[in-house]
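Working notes for the structure below.
Lettering of chains follows the sequences in order, A, B, ..., and the numbering in each one begins at 1. Just so we're clear, the structure is a prediction, and the values are computed from it rather than from any experiment.
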Protein chains: 2
Amino acid sequence: MAQTRESILDAAEALVAEGGYANAGMPAVAGRANISTGLIYRYFESKSDLFDEVFRRAAQREIDACAAAADVDLPPRDRVQRVAETFARRALKGRQLAYALLAEPVDATIDAERLHFRIPYRDIFAAIIRDGIKRGEIAEQDADLVATAIVGGIAETLVGPLSRPPEPERESALIQGVARFCVHALGPVAADAASAHGFQEKRDE
Amino acid sequence: MAQTRESILDAAEALVAEGGYANAGMPAVAGRANISTGLIYRYFESKSDLFDEVFRRAAQREIDACAAAADVDLPPRDRVQRVAETFARRALKGRQLAYALLAEPVDATIDAERLHFRIPYRDIFAAIIRDGIKRGEIAEQDADLVATAIVGGIAETLVGPLSRPPEPERESALIQGVARFCVHALGPVAADAASAHGFQEKRDE
DNA sequence: GCAAGTATTGAAACAGTATTCATTACTTGA
DNA sequence: TCAAGTAATGAATACTGTTTCAATACTTGC
């Protein structure tokens with residue numbers, strides 16, 4: 001029954017969202033789903049098989065939300081800002097799950113899944129950057145590299161706060177700061193506007 | 001004998017540098033150091049105790065090198081660039097060890113050590129940024145946040161290349177790209193020079 | 001050369017989980 | 001109601017390394 005399969009996935013995700021991956025052993029998943037341990041193995045080859053899917057589903061929701069934030073008719077810098085804010089805001093809402101997706105130590109196999117998870121983020125930013133370069137609003141540069149660095153920067157900035165107890169009063173400043181960082185990382189506007197007026201970029205090319 | 005202790009640390013680090021943490025079981029460490037497995041436990045409480053120290057020592061060398069790169073009488077943006085280049089260049093040289101320090105999945109206890117490892121890097125960048133703000137060469141902003149994001153950006157950018165076979169011909173572009181990203185992340189020069197001439201920053205404060 | 005103390009050995013014990021599988025309980029079509 | 005087939009159980013097992021410890025070999029002071 002496909003319903004049982006879903007309930008296993010839901011149970012596993014709920015456990016991760018509550019206490020992290022460390023909290024999600026197979027007996028615990030089974031208990032949460034009101035089934036026996038052994039039954040899980042009729043639906044999933046192995047534990048990493050199961051959690052690969054758990055992480056992929058959770059990641060996909062995040063990525064969809066960011067893709068939606070990117071899908072607006074605004075200048076590239078605004079779109080980068082929107083995506084960064086969406087990423088950060090949602091992570092701070094789903095703290096434990098976000099932490100598990102971003103940083104919690106897990107098995108090597110699942111860690112591979114986590115690396116995949118960052119690629120769609122990178123691609124969202126990279127697409128915006130390429131568009132910005134085409135329009136002349138962002139200087140020529142390696143879009144993939146900068147997009148990767150932006151994703152890393154956001155993640156690193158969030159890991160600290162996510163690993164500590166929530167501090168709601170600081171969240172808004174954090175989100176703004178992260179977004180600001182991302183826009184800055186795009187570099188100054190194309191050469192005509194900035195470099196002629198004192199923006200120091202002599203070492204960049 | 002303190003010499004035995006050293007040889008254990010050296011053996012453990014050598015194994016990590018050759019095949020990653022996964023390659024460094026206690027019997028392997030003992031074999032490499034030409035002692036018995038049990039003896040390690042007269043010098044170290046536990047495996048994570050041992051590897052905490054291995055990682056700390058290795059990290060300290062990297063941090064010292066970056067601190068030295070930061071310790072020059074140059075404008076803040078140049079200093080950021082130097083540190084970033086040093087970080088990236090050294091990581092690409094000591095690939096396997098750098099990967100273990102930056103990203104390889106390890107035990108939860110050792111992972112904590114890895115988080116500590118990034119703090120000194122953050123502090124190096126944060127100090128430069130504060131100095132730059134004081135001098136008016138960098139716009140007012142949360143120095144710790146930006147420094148954290150920069151470290152995350154560098155790390156994320158390196159993880160991919162470090163996890164794949166070396167491609168020496170691309171390394172120089174990678175190092176330059178990373179450094180460029182870091183300088184950009186500092187934002188435009190203070191308001192008087194840039195914002196009056198078209199650099200878009202309206203959403204930043 | 002002999003104790004007393006210290007370093008070293010390595011095989012065996014242990015721990016924590018994932019995984020299996022013989023058994024039992026359902027479900028369904030005739 | 002009864003088979004035949006499928007879902008489900010959960011205690012036993014397998015596995016993967018770390019950690020222990022009784023036994024042994026050194027070292028050093030007397």
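B:F117 is linked by a ring pair (Phe, Tyr, Trp, His ring centres under 6.0 Å) to B:Y121, counting only residues two or more places apart in sequence or in another chain. Take A:Y21 and apply the ring pair (Phe, Tyr, Trp, His ring centres under 6.0 Å) test, not counting sequence neighbours, and it matches A:F51. Residues passing the side-chain hydrogen bond (donor to acceptor under 3.5 Å, both in side chains) test with A:R122, sequence neighbours excluded: none. Annotation: salt bridge (Lys or Arg N to Asp or Glu O under 4.0 Å) contacts of A:E85 (sequence neighbours excluded): none. Residues satisfying the salt bridge (Lys or Arg N to Asp or Glu O under 4.0 Å) criterion with A:R82, sequence neighbours excluded, are absent altogether. Listed by chain and residue number, B:R90 satisfy the salt bridge (Lys or Arg N to Asp or Glu O under 4.0 Å) test with B:E62 (two or more places apart in sequence, or in another chain). Applying the salt bridge (Lys or Arg N to Asp or Glu O under 4.0 Å) criterion to A:R135, with sequence neighbours excluded, gives A:D131, A:E137. The ring pair (Phe, Tyr, Trp, His ring centres under 6.0 Å) test applied to A:F55 returns no partner, not counting sequence neighbours.
For residues 7-18 of chain A, the set of pairs meeting the side-chain hydrogen bond (donor to acceptor under 3.5 Å, both in side chains) definition, not counting sequence neighbours, comprises A:D10-A:R57, A:E13-A:R61, A:E18-A:R32.
Under the 3.5 Å distance criterion, the side-chain polar atoms of B:R79 are left unmatched by any main-chain donor or acceptor of B:I129.
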Report each atom pair, protein N/O against N/O of nucleotides 10-12 of chain D, whose distance is under 3.5 angstrom.
residue, atom, partner, partner atom, Å
D:dG10, N7, A:G38, N, 3.4

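Using a 4.0 Å cut-off on heavy atoms, the residues of residues 40-48 of chain B that approach DNA chain C are B:R42, B:Y43, listed by number. Near-neighbour residues of DNA chain C inside residues 9-33 of chain B, defined by a heavy atom below 4.0 Å, are absent.
One atom, CG of B:L50, and another, P of D:dG17, lie 17 Å apart when rounded to the nearest Å.
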